[in-house]
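Take a look at the structure set out below.
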2 protein chains.
Amino acid sequence: MSQADFESKSPRPGRPRSEAARIAILRAAHQILMEDGLGRLTVEAVAERARVGKPTIYRYWRNAQELVMAAFLADPAPAQAMDDAGAARGRLQAQMNHLLDTFDTVRGRQIALTMAAADPESELAKAFRTRIMLQCREEGRSILTEAESRGEVHLTAGIETILDLIYAPVFYRLLVGHKPLSREFGSGIVDLVWTSICIRPSREIS
Amino acid sequence: MSQADFESKSPRPGRPRSEAARIAILRAAHQILMEDGLGRLTVEAVAERARVGKPTIYRYWRNAQELVMAAFLADPAPAQAMDDAGAARGRLQAQMNHLLDTFDTVRGRQIALTMAAADPESELAKAFRTRIMLQCREEGRSILTEAESRGEVHLTAGIETILDLIYAPVFYRLLVGHKPLSREFGSGIVDLVWTSICIRPSREIS
DNA sequence: TATTTACGTTACGATACGTTTCATAATGAG
DNA sequence: CTCATTATGAAACGTATCGTAACGTAAATA
């Protein structure tokens with residue numbers, strides 16, 4: 001009788017895990033990330049704030065990095081209701097605005113930093129960035145591929161490169177901080193990319 | 001007689017600082033960054049590898065972060081001799097290739113990570129990123145503004161936004177690692193941006 | 001009831017930070 | 001030459017943190 005069998009047959013013997021403790025830990029971690037930033041988060045501090053023992057934290061997560069990622073994912077940003085009806089360019093712009101609203105925040109920067117600081121090849125980092133990046137990137141992809149099928153744009157340069165051109169500058173300014181993010185910046189990005197890929201180039205933007 | 005006066009009048013009394021120690025420290029730090037990465041560099045390890053005392057390190061630099069930045073700056077990447085004669089687009093492409101050669105390395109990623117992990121508002125971080133970013137960014141700016149003065153491109157979207165579109169995707173892939181950097185990627189970036197800003201749009205690229 | 005698993009507290013050994021103390025070294029001034 | 005000064009590396013210090021072990025108690029199942 002393996003453990004899997006055991007679990008499927010009846011509840012485990014012994015004390016059950018405390019969901020209240022788990023939630024308190026995730027909340028405490030998130031608060032510390034917002035107040036002190038990624039570099040100052042310690043398991044000790046989280047344990048103290050959540051009023052739990054360190055062993056409890058280590059029962060759920062292997063290290064601080066894993067806890068941090070879990071904390072961000074446990075408190076997901078609000079998804080935007082995407083309007084499927086409008087023009088592709090307008091939808092891309094709206095989505096960019098939503099991305100800026102979501103990431104031009106303390107939280108956004110800490111998320112980006114967490115992603116950057118992780119070993120890119122680790123399964124943990126892959127899973128995290130998939131979760132963080134997937135929604136907006138897939139929306140962008142969907143907008144662009146639909147526009148392509150309507151003959152409005154060409155994606156010759158490769159959809160992945162185009163998506164990077166759209167989203168990377170946000171991330172870049174978020175992390176490097178050499179210039180602020182702004183709606184104007186977001187519009188500039190969308191304008192540049194759209195001008196490049198649209199099949200009927202429109203010079204009236206100049 | 002202030003310290004500045006003192007220094008300008010005659011050599012300081014007492015034992016002079018050891019340039020050999022300073023160089024050994026910077027080299028050791030750089031080696032550890034290349035082998036273990038930013039997150040694993042400790043002052044203790046640098047001191048041991050450089051065969052110096054910790055107080056010696058702290059006499060020169062206030063903390064590990066400052067030392068890391070100094071180590072990267074002490075070993076600058078080779079500057080590319082820029083050919084002023086070619087077409088702007090080709091020069092931009094060549095510069096992008098050089099940027100990829102320089103940054104698609106262990107060192108490049110550690111530099112980017114160092115920049116990202118620093119508090120963007122600190123004077124130290126500002127100075128560091130200025131040093132790291134200034135050369136390639138100013139070259140790109142120069143290429144584009146010359147092309148603009150020749151009536152080849154328009155920079156309506158703002159030169160800063162355009163420069164971010166060119167360089168951010170490199171940084172993004174370098175840090176996030178969701179897809180590799182490549183010459184093809186670099187060409188894709190330059191193509192997309194060029195198509196967007198050039199005044200005579202050329203459709204033969206599609 | 002006994003057994004099992006989870007809990008928080010406490011303690012542990014290891015590592016690292018930034019600083020102090022110390023003996024020695026390396027200079028310039030008198 | 002002596003003396004004063006500054007730098008050096010080794011050693012030590014107090015503090016913080018990591019990840020884990022030990023412990024008494026709690027909360028469940030059989």
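We use all heavy atoms of the structure for the numbers below, so side chains are in, but hydrogens, waters and symmetry mates are not. The model shown is predicted, which means the values in this text are computed figures rather than measured ones.
- Within 6.0 Å of atom CZ in A:R131, 12 or fewer heavy atoms from other residues, nucleotides or ligands are found, so the atom counts as exposed in its surroundings.
- Taking the centre and axis of the six-membered ring of A:Y60, the NZ or CZ atom of A:R17 falls inside the cone set by 45° and 6.0 Å.
- Closest approach of A:I25 and A:I57 over heavy atoms only: CD1-CG1, 3.8 Å.
- One can place CZ of B:R15 at 9 Å from C1' of D:dT6, the figure rounded to the nearest angstrom.
- Atom CD of A:E184 has 12 or fewer neighbouring heavy atoms from other residues, nucleotides or ligands inside a 6.0 Å radius.
- Surrounding CZ of B:R49 are more than 12 heavy atoms belonging to other residues, nucleotides or ligands, all under 6.0 Å away.
- Contacts between residues 19-52 of chain B and DNA chain D, defined by a heavy-atom separation below 4.0 Å, involve B:R51, B:V52, listed by number.
- Judged by a 6.0 Å distance limit and a 45° cone about the ring axis, B:R137 is not positioned over the six-membered ring of B:Y167.
- C:dA6 atom C1' lies 14 Å from atom CD1 of A:I57, rounded to whole Å.
- With a 6.0 Å radius and a threshold of 12 heavy atoms from other residues, nucleotides or ligands, A:E138 has its CD atom above the threshold.
- Judged by atom type and distance alone, A:K54 does not reach the base of C:dG8 through any side-chain donor-acceptor pair under 3.5 Å.
- Within a heavy-atom distance below 4.0 Å of DNA chain D, the residues of residues 59-75 of chain B found are B:R59, B:Y60.
- Ring pair B:F128/B:F72 is tilted by interplanar angle, where 30° to 60° counts as tilted.
- Between A:Y58 atom OH and C:dG8 atom C1' there is a gap of 15 Å when expressed in whole angstrom units.
- At C:dA6, none of the side-chain N or O atoms of A:S18 fall inside 4.0 Å of OP1 or OP2 (strictly under the cut-off).
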